[in-house]
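To start, the structure itself, in structure tokens.
Every chain is numbered from 1 and lettered A, B, ... according to where its sequence line falls, protein lines coming before strand lines.
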Amino acid sequence: MSEKKKKREENLDELKKEITITEHEVPIEELYKSLDTNPEKGLDEQEASRRLVEYGPNQLTPPKNKPLWFKFIISLFEGFNILMWIGSVACFINFIIVAKRTAETVDYDTMWLGIILAAVVLITSIFTFYQERKSQHVMESFKKMIPPKVTVVRSQKMQQIDAVDLVIGDIVYLVFGDKVPADVRVIEANGFKVDNSSLTGENVAVRRTPEFTHKNPLETSNLVFFGTSVVEGNALGIVILTGDNTVMGRIAGLTSLVETNQTPIAKEIKHFIKMIGTVAISLGLLFLAISLYTKYKSGTLGEEWIDCIVFFIGIIVANVPEGILPTITVCLTLTAKRMSKKNCLVKNLEAVETLGSTSTICSDKTGTLTQNRMTVAHLWVNGKIFDSEVISEQPRNDSTERLLRCAALCSRAKFKNEDWNTPDSKRETIGDASEVAIMKFVNKQLQPVNVHELRERCRKINEIPFNSNEKYSVTIHRKENGQFLLLMKGAPERILHRCSTISIDGQTARINELVKDGYNVAYEYLGGRGERVLGFCEMELDPVKFPPNFKFDTDEPNFPLENLCFLGLISMIDPPRPGVPEAVRLCQSAGIQVVMVTGDHPITAKAIARQVNIIGQPKVVHLISLETDELNLKQNEIKAIVVHGEWLNKLEESELDFIVHHYDQVVFARTSPAQKLKIVEAYQRAGRIVAVTGDGVNDAPALRKADIGIAMGITGTEVSKQAADMVLLDDNFASIVTGVEEGRLIFDNLKKSIAYTLTSNIPELAPFLTYITLGIPLPMSIRAILCIDLGTDILPAISFAYEPAESDIMDRPPRNPKRDRLVNWRLLFYSYLLIGVFQAIVGFSLYFWIMAEHGFPSYTLLNLKDVWEKRDLLVPDKYNRYWNYQDRMNLLGVCHGAFFYAIVCVQWADLLISKTRMNSIVTQGLENNVLNISLLFTTLLSTFFLFTPGVNSILKVGPIKLRWAMLPVLGMWQVFAFDEIRRAVIRKYPDGVVFHTTYY
Amino acid sequence: MSKDNKHTEENNALMANGHKASPKEKDSFISFIYNKREGTFLGRNGKSWVQIIVFYIIYYIFLGAFWLGCLAIFLSTIDKNLPRYYGKGTIIGANPGVGYQPWLKNNPESTLIKFNINDNTTYADYVGVLENYTMKYENETTTKLTKLCSGSESNSDIVKDGKLKEEGLKPCRFKLDVFKASGCSLENDFGFPDGKPCVILSLNRLIDWKPEDFADDVIPKEIAKRYKKGSIGFNCDGTYGPDKEYIGKIEYIPEAGIDGRFYPYAKMDNYHQPIAMVKFHNLPRNRVVLVECRAYAGNIEQDIETRQGLVHFELLVEDYEVSTPKTNGS
């Protein structure tokens, strides 16, 4: 067992390391040889099927799901259920002991209690299970169930096969629009670009060629990876890794190895059980000692010690609050429902509260904080920067028109169809994100003409595609008058370098230092905002030198590429989602640190972080990247930091811990999946409760490690959703804030609900204790107790789930998981000793009164229980009347009914006082209609129990008289008034004795 | 380089502090009950405990005083001679149960009367109980507080609305002469030595209850022959078929049952509970007989479920020689 665990840890460590692949380094011929294949023939069918058997199908093995019944059985023994099982088993033991001793008449009540306790566990477990399954189903509906096909060369033939059947050594043909079916080394490429965002989170199309350019497999040009998508061009490649062995597969595998933490609410419930257990056992032992002592004194210890054991078990059972388990479950479910309406789908019920305790959110950038849609943000034209939103309102001149024309024509992006009526934002496009962004922007600006018409007018004659060395692309067009137009776009500094003139205000001017300064200011400004900047220039080719039949040669350019005319800059950014900056602010004011963890470039990351308030505007940011090798951590006044991923790799664990402790505003850029996991662990070490958002497969391990993993419903991968505890149905960070609010509210309300439910434990337990110690006939039966715990108390306890917050819960810091417990001793003291004892006293008063009115004054009841319970005995009362067994039981039934009613009555008051912990009910109001209805419901239900013939005989509770009913009403008002005063005192003296002794 | 190291060390030290702190706060059960480091018991320190205890003592004193006061006021409204609830519609009701004697208090679960006619130790307890029970009727000091009733005199004369009309009024005296005459007295050990035991039957005392007469045409056939108006008739029989066969002759003393003049009952110093006896003349030997005795009056209903108006007990008369213990080996 331990060996297994060790092995698991080893595996985990190995997986945490960066990926090592060497197949991209060896010469391609060697690789063919070692994989026994070649690009013309491909594998033959037999070999392929042999390898398929050897290496397994090319798919990610889903994490081993335990069978449903097994999961269910496990859930039966989790958390509060344990306490209930112990109670249940104790009941059966008690029943068996008693049944063995009394041959004639057996009281089946304890047995039934045992059965009911077990039933409550079963029912709530089934309920929980059902709820969680339901949200699971919602998730499964996201799955897109189209089995991908792939084109391969096998047995010298090009053919389509299922991607699942792909094996190592297969030659695959990839075209744009495909998902890369395995880890593939590129053999041939034509304008081949892939989007690695599902792996790195960085949403940029990167060119892939057959050349080996970097040792790091993620950086090298000749590898493409399973799960990424081809956005441009086509390529031929050789499969080097399949299925679980792929980079993506290993990350997914890492996920299943990561052990998850217990949810905070589960910890709280454990703590709660511990407390209840302590109370139950100490009370039990105390009364065991008392009863043993009295038996010893009366000399009957020898025969009757087993009675003491029975009492001991009885007390322990009586301490089990039967109603808590269903209450907690239903409250969490209700909140989960409410959250899913607000786009937070909770997979695991307990995770509902986790967001409320969260103190750190590690958020993805792309798609969560931003829109995951490149958008043109600014233009630099006519020597000025314009916001893309307002450019259309600006007066146009020839320079602007030329820039727009250049942007429209010098592009490979296309709309997929010709439907010009649908808004641009919804149309499907082909091309890389930047070009699409520009095309969409230009299309809007060109109205009433559209891009397509403009391109028809100026046909593209030839082009030089973008390459990473030159960093520009060129297109040549023939205008309607037959003249050629050369357009160029690319990295701004390269473009400017090739220009001698610039078009400003419709005039062409020479580029001088002044212009260059203006350009530099603009470029740095835009770059500093994290925007991707492209420069544009053009040249109208001389119709004499370039007659209409001129043949352009792009391999050896026979046309000018210098002394062009600079047109301007266009910058793009993936803008923050609307509402996100406010949401981040809200998190911060709620004491939650928002940390950005992204695969993007530090500059971009920092810019977005500033825009969404993760980094406060006026502060100096401590940027640590490879360039600033020296870590100067002593600059205490700086609270913001941007950490570069490669630098993170070099960090000692303690240094990372320092960053985590010291900096409030943290951005991790260029991070790899393994690092994300490291970051989460560092925050958890610091005692934080960490929420992590993510959508890619690469995020799955971190999602699982986090206290609450939040996956994206729309863009999220299946693996990430599986690993997460919660799914954001709208991918919007702002939805998390709703979740936080709901989580905090439910924590407060559960506290109130538990305070309410626990209170009635004392008036239920006290009768049994007096029965044992004073020997009075049992004032309260098990049946009546169950009527309260699983009857009249349930709906009110649940109705707390609808209780509005007492004050603004988003204004206070997240709870300290070590100090702010769900149930603390104060709560227990308050519920048990303050209100509970009050309730018990009211109940006993009523009991003694009723007994006295029937001829049994309190003093005659002492030690009467033995005689009282003998079936064939007649018991004389104060008036010397003889009571037979049946009449005595009827009288006791009335007492049980009255005691039951007394508890219901004071629980009414308890419900109202538990609504608030600090405020007066006047401030809180009675707007919780579910709670109001539950008050009515308890009244009706208790009436039903007491007065319906048949029902009351089954429950053995007698109907009570109106005159008796008045006494608990008095008690009810007293409890209500008392607690209002208590809370008034707490408000008046927020640090006084009353606060310290009774505020829970 | 050295500069770098220095930083790292510093940071390590810084971190180590943070690290050491966390494992110490381990939530062990022992430290949860008593935390030595912080001097807290169940999470509170000494001063806090004192505060809490004082707070609760004051609270309980006020609470207790208030409710004891309330209870005292409520209880003072109850008449000490007349219960608040009696008669029809109350729990104790207006339908008396039947009791029997001898019934051994030291073995209250058992309703079996079992004895060996050849061994007086086996029935001494029963005789003792019956003796005790009947003694109060002849006790000088108590009989002084009663009067002999004759003719139409009855307890109705001194009781009104469930209470004695005034203090000191005397209830009717119940005489045992009729039982003595029929061989049910201490003199013959209530018939036990002969295997013809006497069993006392009585009704539960109910305030303001007295027997009502049967109309002439509805007198139950079991007691029709013996019935006398104003009385409560009794009839005993075997509970089941075989018992009915074996039970033999039963003598009712007096024939008509209990005289109604001893009703109604009210709380008083020396009420004489009227009784009737049944004498079983030829019970089978060494065989258990289950007996059911029912009381009959116009306002008594018999109900086996609630045991109203009837009583069950078992009789076992043994007859074998008592072997005096002998030493083995002779």
Side-chain angles (χ1 to χ4, degrees), chain A residues 104 271 274 278 630-634 652-655 657-658 661 685-687 818 824-825 829 833-834 837-838 841-842 844-845 848-849 852-855 857-858 867 870-874 876-887 890-891 894 958 967 970-971 974 993-994 996-998, chain B residues 3-4 7-8 10-12 14-16 18-19 22 25 27 29 32-33 42-44 48 51-52 54-56 59-60 63-64 66-68 70-71 74-75 78 80-86 90-93 97 99 103 108-111 204-207 265-267 271 305-308 312:
Chain A
E104 197 192 342
H271 181 248
K274 226 186 245 176
T278 314
E630 181 122 349
L631 173 58
N632 195 356
L633 295 170
K634 279 184 132 183
E652 296 283 319
E653 202 171 76
S654 62
E655 286 171 312
D657 281 345
F658 180 79
H661 274 284
R685 272 201 302 279
K818 288 224 171 71
N824 51 24
W825 285 108
F829 266 75
L833 297 182
L834 213 65
V837 169
F838 205 133
I841 287 178
V842 174
F844 275 112
S845 300
F848 284 127
W849 188 24
E853 286 205 332
H854 282 94
S858 326
V867 185
K870 296 276 153 60
R871 195 169 280 270
D872 293 290
L873 224 56
L874 295 172
D877 67 7
K878 188 179 101 173
Y879 304 101
N880 261 323
R881 298 184 290 177
Y882 279 86
W883 289 72
N884 65 29
Y885 182 74
Q886 190 60 42
D887 290 341
N890 287 342
L891 174 57
V894 169
L967 187 121
L970 174 70
Q974 245 191 333
V993 180
V994 179
H996 283 292
T997 40
T998 66
Chain B
K3 207 178 163 192
D4 251 332
H7 279 304
T8 321
E10 243 177 54
N11 296 330
N12 276 340
L14 225 156
M15 284 312 102
H19 257 293
S22 57
E25 281 178 45
D27 206 5
F29 193 66
F32 159 71
I33 289 174
L42 296 179
R44 282 177 180 274
S48 175
Q51 265 184 357
I52 212 168
V54 170
F55 177 88
Y56 276 101
Y59 173 70
Y60 286 148
L63 198 61
F66 178 86
W67 284 95
L68 281 178
C70 276
L71 207 55
F74 287 137
L75 298 189
I78 299 171
K80 70 179 198 312
N81 288 320
L82 183 66
R84 181 152 273 143
Y85 302 108
Y86 60 89
T90 66
I91 293 166
I92 198 160
W103 171 81
E109 299 276 311
S110 165
T111 52
N204 285 355
R205 275 175 281 203
L206 292 176
I207 283 175
Y265 165 75
K267 177 138 198 277
Y271 177 68
E305 226 6 78
T306 61
R307 307 196 182 188
Q308 300 265 339
H312 285 119

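- Taken to the nearest 0.5 Å, the OH atom of B/Tyr60 stands 7.5 Å off from the CD1 atom of A/Ile841.
- At least one donor-acceptor pair under 3.5 Å links the side chain of B/Tyr56 to the backbone N or O of A/Phe829.
- For A/Leu891, the parts sitting under 4.5 Å from any heavy atom of chain B are the backbone and the side chain alike.
- In this structure, chain A has heavy atoms under 4.5 Å from both the backbone and the side chain of B/Ile92.
- A/Phe838 touches chain B through backbone and side chain together, each having a heavy atom under 4.5 Å away.
- Of the listed residues (A/Gly687, A/Ser845, A/Ala852), the greatest number of heavy-atom pairs within a distance under 4.5 Å of chain B belongs to A/Ser845.
- By the 4.5 Å heavy-atom criterion applied to side chains, A/Trp883 and B/Asn204 are not counted as neighbours.
- For chain A, the nearby part of B/Tyr59 is the side chain; its heavy atoms alone come within less than 4.5 Å.
- Of the listed residues A/Val993, A/Asn824, A/Leu833, A/Asn890, the one with more heavy-atom pairs under 4.5 angstrom with chain B than any other is A/Leu833.
- When side chains are defined from C-beta on, A/Leu967 counts as touching B/Trp67, because their heavy atoms get closer than 4.5 Å.
- Using a 4.5 Å cut-off between heavy atoms, A/Val894 contacts chain B through its side chain alone, with no backbone atom that close.
- With a threshold of 4.5 angstrom between heavy atoms, B/Phe55 approaches chain A through side-chain atoms but not through N, CA, C or O.
- Considering only heavy atoms from C-beta on, B/Leu75 comes within 4.5 Å of A/Ser858 through its side chain.
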Go through it in stages, so that I can follow the logic: the residues are B/Ile207 and A/Arg881, the test is side-chain contact (heavy atoms from CB on, under 4.5 Å), and I'd like the CA-CA distance, side-chain angles, deciding distance and then a yes or no.
CA-CA 7 Å; B/Ile207 283 175; A/Arg881 298 184 290 177; 3.8 Å; yes

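- Among B/Leu82, B/Thr90, B/Leu206, the residue with the largest count of heavy-atom pairs under 4.5 Å with chain A is B/Leu82.
- Of all heavy-atom pairs between A/Gly855 and A/Tyr879, the closest is CA-CE1, 3.6 Å.
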